[in-house]
Protein chains: 2
Amino acid sequence: MVADIQRRKLVLALSNAKGSIPLYMQIKDMLVARVTEGEWAPGDIIPSEIQLARELNVSQGTVRKAITELVENNVLVRRQGRGTFVATHDNDRALFHFFHIVDDSGSKNLPESKTLSCRRKPASRQEASKLNLSSRAQVVCIERIRNLDNQPTIIERIILPTALFGDLGKRQARNLPNTLYELYETQFGITIHRAEEQLRAVAATDRDASLLGLEPGSPLLEIERTALTLGGRPVELRISRCSTSKHYYQNTVL
Amino acid sequence: MVADIQRRKLVLALSNAKGSIPLYMQIKDMLVARVTEGEWAPGDIIPSEIQLARELNVSQGTVRKAITELVENNVLVRRQGRGTFVATHDNDRALFHFFHIVDDSGSKNLPESKTLSCRRKPASRQEASKLNLSSRAQVVCIERIRNLDNQPTIIERIILPTALFGDLGKRQARNLPNTLYELYETQFGITIHRAEEQLRAVAATDRDASLLGLEPGSPLLEIERTALTLGGRPVELRISRCSTSKHYYQNTVL
DNA sequence: GATTTTAAGACTTATATAAGAGTTAGGCCA
DNA sequence: TGGCCTAACTCTTATATAAGTCTTAAAATC
């Protein structure tokens, strides 16, 4: 442990000698590394700014600048007087952060979910490519239907690499929780950090239509989301088909 | 001018005496005010951090913290060794910032535009409500069709309050530039700062279909955007209907 | 004697200031 | 024309002080 810190000091000293990369960035990278490597798990408190500053032989303000950027990136959460914590998916912000469907009055509610199926299969070419898997790797494929205001509104197909979510397919087959990202975090140690979404308008298939109680051919909003970890590794592919007769997808462009 | 600065110092001193609001926030608000009031126009350089610090009787670091937050909000742009500038819509970031349609290969190109019509009319109830106008206020209504890869892909209807964009309807009727936000900024002194977008899947009307070369009833992605100024005032309503057969709407959730 | 209230202290993050190190653009000179 | 110098910026780091939070133990109350 002490040796570990010594090594770190050495590394910092060396890269500092090289000159170019600012101290606070090196510290930032080091903090990210310690989070991704699991030294600090989501929800854990990390050492105080002063402790880190002592450990790394820099001033508190320098550590602070590194932490500030990680707070802006949603990696850490600060609470004055308490400490700094690794961000989790169990607080309100995180729960709603990746969900963009809003009802016509503008209010956002999390939908209930009913799992239709949960099985293993080889990844399709497209799935393998989007998840960076070798072709024909095994994936878990979950299908569920989600209700908003007691109306079936969204059909979701979720693709996960079996390599990462091995026993999810077997153990929890049909009683999956509503908020999957919390499950990934607590059960599999995988924290979703950001996502890329591709939206298209598509026509409802016969199956879509019967599940959602619409006419076949009705326009649906298709959202194809690739969810990534802090390290940028894609770990979930999720394709949602939404009826937008009473809801819409909300996006704020800052 | 000097009196103005003196007044500002006094205001700061007073609100500082009250105690609660941090100095850097007061400075931030003051900087925003000076931008919105037009003392500094988009593209202008603002006084250096040290000059502002002297003017306000605070240290450079405090001014810096205020400016940093405004840079994060896309209000200001910093260039090391040069100075700090009011953000404009003429750089790459701004041009692509509000445009989310990407072709299937993932590359983003700005579409060409052809104006179909440009006329004045009284605002509909919905338009008046979304733009915060008194009912039946006059608006300019622009309709245009936009090509991507030489294919008509997007039908746009743009609603602007005549009160703000008075002579736009007459003077420039049919030769509007492609990038409107730059025009708003340079010709009307209105800078779009953020936007709220509501996305739905809809069926193409006969007119949509003939303009886009599709079958009537084909699914289209409808994007209803309300664009707001720095002060949060809605100034443009834009409804786009997009064919998503070869393109999609890209959103990154951080 | 048991329970609640209060106040001090030891933490934490938040804010403000200052000094020196990088960057950039433009002028000067060979 | 091409290279060097310098002035005017921002960027990085460090330090001091303020403000918020929790623990603990003494004091007050039942």
Side-chain angles (χ1 to χ4, degrees), chain A residues 8-9 11-31 40 43-87 91, chain B residues 8-9 11-31 40 43-87 91:
Chain A
R8 256 191 217 103
K9 279 192 200 172
V11 170
L12 276 177
L14 282 176
S15 36
N16 202 9
K18 268 192 295 185
S20 49
I21 299 170
L23 255 185
Y24 78 92
M25 286 221 188
Q26 299 177 43
I27 294 171
K28 189 175 147 189
D29 291 346
M30 185 267 280
L31 292 174
W40 302 317
D44 283 1
I45 190 171
I46 71 170
S48 77
E49 296 177 352
I50 290 178
Q51 267 179 278
L52 285 169
R54 263 204 290 270
E55 179 183 313
L56 301 167
N57 266 322
V58 298
S59 85
Q60 179 254 1
T62 304
V63 171
R64 183 170 180 76
K65 175 141 189 178
I67 291 178
T68 297
E69 300 213 341
L70 293 174
V71 168
E72 280 159 9
N73 289 339
N74 301 320
V75 176
L76 300 177
V77 175
R78 276 209 264 242
R79 298 194 211 147
Q80 184 174 2
R82 309 259 328 261
T84 304
F85 302 79
V86 180
N91 49 42
Chain B
R8 254 191 218 103
K9 278 192 200 172
V11 169
L12 275 177
L14 282 175
S15 38
N16 203 8
K18 268 193 294 185
S20 49
I21 300 169
L23 255 184
Y24 77 92
M25 286 223 188
Q26 298 177 44
I27 294 171
K28 189 175 148 188
D29 292 345
M30 185 269 279
L31 292 173
W40 302 316
D44 283 2
I45 190 172
I46 71 170
S48 78
E49 296 177 352
I50 290 179
Q51 267 180 278
L52 285 169
R54 264 204 289 270
E55 178 182 315
L56 301 168
N57 265 322
V58 298
S59 84
Q60 175 258 355
T62 304
V63 172
R64 185 172 179 76
K65 175 144 187 177
I67 292 179
T68 298
E69 301 212 341
L70 293 175
V71 168
E72 279 159 9
N73 289 339
N74 300 321
V75 176
L76 300 176
V77 174
R78 276 208 264 243
R79 298 196 210 143
Q80 185 171 359
R82 308 252 337 254
T84 303
F85 303 79
V86 181
N91 49 41

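Nothing here was measured: the structure is a model prediction, and the numbers come from that model. All chains are named by letter (A, B, ...) in the order of the sequence lines, taking the proteins before the strands, and each is independently numbered beginning at 1. Only heavy atoms go into these numbers, but all of them, side chains included; no hydrogens, no water, no symmetry mates.
- Once rounded to the nearest 0.5 Å, the distance linking OG1 of A:Thr84 with CD1 of A:Ile46 reads 5.0 Å.
- OP1 or OP2 of D:dT12 has not a single side-chain nitrogen or oxygen of B:Gln80 nearer than 4.0 Å.
- Computed from C1' positions of five pairs at each end, the angle between the two local axes of the helix from C:dG1-D:dC30 to C:dA30-D:dT1 equals 0°, rounded to 10 degrees.
- Between A:Val86 and A:Leu76, the closest heavy-atom pair is CA-CD2, 3.9 Å.
- Atom OH in A:Tyr24 sits roughly 14 Å away from atom C1' in C:dA21 (whole-Å rounding).
- Nucleic acid contact class of B:Thr62 (heavy atoms, under 4.0 Å, all strands): base.
- For the pair A:Ile45 CD1 and D:dT21 P, the computed distance is 14 Å after rounding to whole Å.
- Here the C1' atom of nucleotide D:dT13 and the CD1 atom of A:Ile67 are 15 Å apart, to the nearest Å.
- Rounded to the nearest 0.5 angstrom, A:Thr68 OG1 and A:Arg78 CZ are separated by 3.5 Å.
- Note on B:Arg82: every side-chain N or O is 4.0 Å or more away from OP1 and OP2 of D:dA8.
- With rounding to whole Å, B:Leu52 atom CG is found 12 Å from D:dC9 atom C1'.
- Mapping A:Ser59 and A:Gly81 onto DNA chain D via the closest heavy atom, the residue that lands nearer the 5' end is A:Ser59.
- For A:Arg78, a side-chain nitrogen or oxygen approaches OP1 or OP2 of C:dA14 to under 4.0 Å.
- Within the 4.0 angstrom heavy-atom criterion, base atoms lie near B:Arg64.
- For the residue pair A:Ser59 / A:Arg64, no side-chain donor-acceptor distance below 3.5 Å is found, with atom types taken as modelled.
- The phosphate of C:dC11 has neither OP1 nor OP2 within less than 4.0 Å of any side-chain N or O from A:Ser48.
- A straight line from CG of A:Leu23 to C1' of C:dG22 spans 14 Å, rounded to a whole angstrom.
- Contact annotation: B:Thr84 does not reach the phosphate of D:dC9 (side-chain N/O to OP1 or OP2, under 4.0 Å).
- The CG atom of B:Asp29 sits 8.0 Å away from the CD atom of B:Gln26 when rounded to the nearest 0.5 Å.
- One interatomic measurement links the two molecules: CD of B:Glu49 to P of D:dT12, which rounds to 11 Å at whole-angstrom precision.
- Taking each heavy atom of B:Ile27 and B:Ala66 in turn, the nearest pair found is CG2-CB, 3.7 Å.
- Rounding to the nearest 0.5 Å gives a distance of 8.5 Å between CD1 of B:Ile45 and CZ of B:Arg79.
- Phosphate proximity of D:dT13 to A:Lys65: absent, as no side-chain N or O sits under 4.0 Å from OP1 or OP2.
- Distance B:Met25 CE to C:dA14 C1': 10 Å, rounded to the nearest Å.
- Summarising the geometry, atom CG belonging to A:Leu31 is positioned 7.5 Å from atom CG belonging to A:Leu56; distances are rounded to the nearest 0.5 Å.
- Distance CZ (A:Arg79) to C1' (C:dC11): 16 Å, rounded to an integer number of Å.
- When heavy atoms are screened at a 4.0 angstrom cut-off, B:Gly83 is found touching the sugar-phosphate backbone but no base atom.
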